Amino acid sequence: QKEVEQNSGPLSVPEGAIASLNCTYSDRGSQSFFWYRQYSGKSPELIMFIYSNGDKEDGRFTAQLNKASQYVSLLIRDSQPSDSATYLCAVTNYGGSQGNLIFGKGTKLSVKP
Amino acid sequence: EAQVTQNPRYLITVTGKKLTVTCSQNMNHEYMSWYRQDPGLGLRQIYYSMNVEVTDKGDVPEGYKVSRKEKRNFPLILESPSPNQTSLYFCASSLGTSGNEQFFGPGTRLTVL
């Protein structure tokens, strides 16, 4: 059974701090990695995707991938109260595509003003 | 407006009464998918479709059917619903390749009595 593991949290950080969200996956054949944000009562929305080892930056968000360690993370710099949400890590073994997408259970982030 | 629509948004039904949840997208997306979200279990993929007439099982396909006769529609069919199918259901679509954003519908909250 392919698994994606996340710490459920809640992760609480003060406004302006860096929030670090982590995810591990069991399938070594995984090729594409996604981070989604879900506000309470709302649908998930894609924040970032990453395919290659290393870092990928987009504004305040940085995704980090280490395939050898089967680990992917999301850093949120200058955290804002509006970043308070549940963050879902998702993984697929389809290169570049979404195919059979497996989600972690999510980490709840709370940013305190 | 580019969107994924689902109907109905809320449904209460009884065990064994066949039902269909419709999903439609107006973005000419090739990829469509159905998920269910349950407390403590996260978001789990039921079925996905990479294109018209092409469907594949996700992680929890038992008790569900889908069809993809047209590009824009991807209905989810529960032939004989049971209480363990009480859940929040999301439909999603994307261009299907290169990590293109997966747009989620607003969700359908289903209760099977």
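Nothing here was measured: the structure is a model prediction, and the numbers come from that model. Convention: sequence-line order gives letters A, B, ...; per-chain numbering from 1. Basis for what follows: all heavy atoms, side chains included, without hydrogens, waters or symmetry-related copies.
Residues A:Tyr36 and B:Gln102 meet the side-chain proximity criterion, which asks for heavy atoms closer than 4.5 Å. In this structure, the side chains of B:Ser33 and A:Leu101 stay at 4.5 Å or more apart for every pair of heavy atoms.
Within a 6.0 Å sphere centred on CZ of A:Arg77, heavy atoms belonging to other residues, nucleotides or ligands number more than 12. Within 6.0 Å of CD1 in B:Ile77 there are more than 12 heavy atoms belonging to other residues, nucleotides or ligands. No more than 12 heavy-atom neighbours from other residues, nucleotides or ligands sit within 6.0 angstrom of NZ on A:Lys108.
Residues A:Val13 and A:Leu21 share a hydrophobic cluster, clusters being chains of Ile/Leu/Val/Met/Phe/Trp/Tyr side chains in contact below 4.5 Å. Taken together through direct or relayed side-chain contacts under 4.5 Å among Ile, Leu, Val, Met, Phe, Trp and Tyr, B:Phe104 and A:Phe49 form part of one hydrophobic cluster.
Expressed to the nearest 0.5 Å, how far CD of B:Gln37 lies from OG1 of A:Thr86 amounts to 8.5 Å.
The candidate from A:Gln38, A:Glu45, A:Met48 with the greatest count of non-hydrogen atom pairs under 4.5 Å with chain B is A:Gln38.
Shown here for A:Ser43 and B:Phe90, the closest heavy-atom pair between the two residues is OG-CE2, 3.5 Å.
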